[in-house]
Amino acid sequence: MMMGEAKTGRSGSHVVVVGAGIVGVTVALELRRRGYEVSVLTSAEAGSVDAASYGNAGWLNPGSVVPHSMPGMWKKLPGYLLDTSGPLRIRIAALPGAWSWLLKFVACGATKARVQRIAAALRPFLNDSVARHIALATAAGVAELIEGKGLLVVYPDEQAFAADALGWQLRRANGVCWTTLDRAGLLALCPGLSEDYRYGALIEGGGHCTDPGAYVTALAQYAQRRGVRFLTTRVDGFAAASGVLRGVSHAGGVIPCEKAVVAAGIATRELALALGDRIPLFSERGYHVQVPAMAGAPSVPVMMSDRKFGITPMRAGLRAAGQVEFAPRGASPDWRRARVLLDCLAKGLPNMTARNRNAVQRWWGNRPSTPDCLPVIGFSPSVSGVLYASGHGHLGLASAPWTAELVGRMADGEHVAEAAPYDPARFRHFRI
């Protein structure tokens, strides 16, 4: 996606984008570049602490082609119900609303062939994500917010790395390159790393955003300078006639438009139902903690393989994020999850966090995730003129630029064959 001057050929065609997270803002920029009149409706200011894009780990990881559902996952579910401090926590109260989603999630990664298909479908979102974000950040005047120094995954030893062979096979098959490192190599990148980690891999071509909230804010400001209109309001439905979109309804009335893009994160599920579509999104709740940086901080983001969380050097300190919680809709956050992350951070970097517990910042948000580990991108099966761009789970930041390109091409009327795996119609008969 290139950030040239906006075209004028479609200036009379109005598109409303619902949602101002990283996906919604990036889609708005791409549509404006293609010459559309664009309005963004959002219930939270772009980049604000209330948005899921604010609190992510900031990773731009080509190695994230490995799906979260892998062969053997079903054996681990009972333990997840019982372990309150494990990397995946399922509140028992969430099971009535989540059981069918979880069954489908486990099934999607049950065989090697299935995870190979998922990895191949995720690759286009991730393989050049750093370059795409550098272009976006540079155009918006915040190039310093994107770094491309690589990403480090650490293991207790070489045997633990070998036990994760399928994940690395999927990465290799999808063009991911890495360099393996011994203890000395790890310490060169992460001087404060615990003695528990003695082997790892540096993923080349990876990078990170040093302030996701500020980045989304900057992109939104850039979009406004290019003529995109932003309105803070809550979308409550759509106006349609004979199955064709006429406008988007919100608290202040109806905004007429020819097309709408639903990039509303977890709220996409309810908006889809209003259109007659079933989009089985479930919230994989994410938490983060952030502490002030100290001497010995890692120079690149670090993933602790055994604890399933990442440590990212941010502008304002070190952020520990990752892991998953399934909770009933509307349930209060369980801040013990933040404590788990803080404890993991202390174990991974034992010399860094002991003095910083009184300065800890904590956050939680909703990751909109699909049971088959793939996003939802494409036209509504029920109402002509509505496009979806949601369901990216843990990969919204990295996936946003290519998602925007796909949506732009679809809005132009192009047949986008490579988007078939993300078609919303695949969930037409799904029940949740």
Side-chain angles (χ1 to χ4, degrees), residues 1-42 46 53 124-125 127-129 131-142 215-231 235 238 244-248 255-264 268 375-380 383-392 396-420 422-424:
M1 179 175 64
M2 300 300 293
M3 289 285 104
E5 289 300 312
K7 299 176 183 177
T8 58
R10 307 178 188 89
S11 59
S13 185
H14 185 206
V15 183
V16 170
V17 177
V18 183
I22 184 61
V23 174
V25 171
T26 309
V27 165
L29 274 167
E30 176 66 8
L31 291 170
R32 184 68 188 131
R33 186 188 71 83
R34 289 172 179 265
Y36 293 94
E37 298 298 317
V38 182
S39 298
V40 177
L41 305 187
T42 174
S53 294
F125 295 96
N127 65 345
D128 61 353
S129 181
R132 287 175 180 263
H133 276 290
I134 288 174
L136 275 170
T138 300
V142 288
Y215 182 46
V216 176
T217 297
L219 291 181
Q221 292 170 345
Y222 174 52
Q224 287 177 302
R225 294 195 297 271
R226 293 179 61 81
V228 176
R229 296 178 294 274
F230 283 74
L231 178 62
V235 171
F238 302 86
V244 178
L245 179 74
R246 299 295 184 225
V248 176
I255 298 180
C257 58
E258 287 70 44
K259 291 183 177 68
V261 181
V262 184
T268 298
V376 181
I377 304 170
F379 280 101
S380 162
V383 177
S384 177
V386 177
L387 280 148
Y388 293 104
S390 191
H392 295 82
L397 175 65
S399 300
W402 198 61
T403 297
E405 181 180 315
L406 293 178
V407 169
R409 291 166 60 191
M410 291 175 183
D412 281 355
E414 181 181 340
H415 173 63
V416 186
E418 62 266 43
Y422 327 118
D423 189 347

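In this chain, residues are counted from 1 in sequence order.
Considering all non-hydrogen atoms of both residues, Leu245 and Gly247 come closest at CD1-O, 3.4 Å. Contact record, Thr26 with Pro401: CG2-CA, 3.9 Å, taken as the closest heavy-atom pair. Annotation for Arg32 and Arg226: closest pair NE-O, 2.8 Å, computed over non-hydrogen atoms. Residue Ala20 comes nearest to Phe230 through the heavy atom pair CB-CE2, 4.3 Å, listed as atom of the first residue, atom of the second, then distance. Minimum heavy-atom separation, His14 to Ser39: NE2-OG, 2.8 Å. Among all heavy-atom pairs drawn from Arg225 and Ala140, the shortest one is NH2-O, 3.6 Å.
Of the candidates Val376, Val386, Leu387, Val386 is the only one forming a side chain to side chain contact (heavy atoms under 4.5 Å, CB included) with Val262. When each of Val228, Leu29, Val27, Val16 is paired with Val38, the side chain to side chain contact (heavy atoms under 4.5 Å, CB included) condition holds for Val228 and for no other. Checked options Val40, Val15, Asp412; the residue passing with Leu31 is Val15 (criterion: side chain to side chain contact (heavy atoms under 4.5 Å, CB included)).
Atom CD of residue Gln221 and atom CD of residue Gln224 lie 7.0 Å apart, to the nearest 0.5 angstrom. Remark: Arg132 CZ to Asn127 CG distance equals 8.0 Å, nearest 0.5 Å. Rounding to the nearest 0.5 Å places CG of Asp128 at 10.0 Å from NE2 of His133. For the atom pair CZ of Arg409 and NE2 of His415, the computed distance is 10.0 Å after rounding to the nearest 0.5 Å. Rounding to the nearest 0.5 Å gives a distance of 7.5 Å between OG of Ser399 and CD1 of Ile377. Remark: Ile22 CD1 to Tyr215 OH distance equals 5.5 Å, nearest 0.5 Å.
In this structure, the side chain of Ser53 does not engage the main chain of Gly21 through any donor-acceptor pair within 3.5 Å. His392 contributes no side-chain N or O that, together with a main-chain N or O of Ala400, makes up a donor-acceptor pair within less than 3.5 Å. Listed for the Tyr36 side chain is no donor-acceptor partner under 3.5 Å among the backbone atoms of Lys259. Judged by distance alone, with hydrogens and angles left aside, the side-chain atoms of Thr42 form no donor-acceptor pair with the main-chain N or O of Gly19 at under 3.5 Å.
Residues passing the ring pair (Phe, Tyr, Trp, His ring centres under 6.0 Å) test with Phe238, sequence neighbours excluded: none. The ring pair (Phe, Tyr, Trp, His ring centres under 6.0 Å) test applied to Phe125 returns Trp402, Tyr422, not counting sequence neighbours.
Taking 4.5 Å as the limit, some side-chain heavy atom of Ser380 sits within range of a side-chain heavy atom of Tyr388.
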Salt bridge (Lys or Arg N to Asp or Glu O under 4.0 Å) evaluation trace for Arg246 with Glu258: CA-CA 6 Å; Arg246 299 295 184 225; Glu258 287 70 44; over 6 Å; no

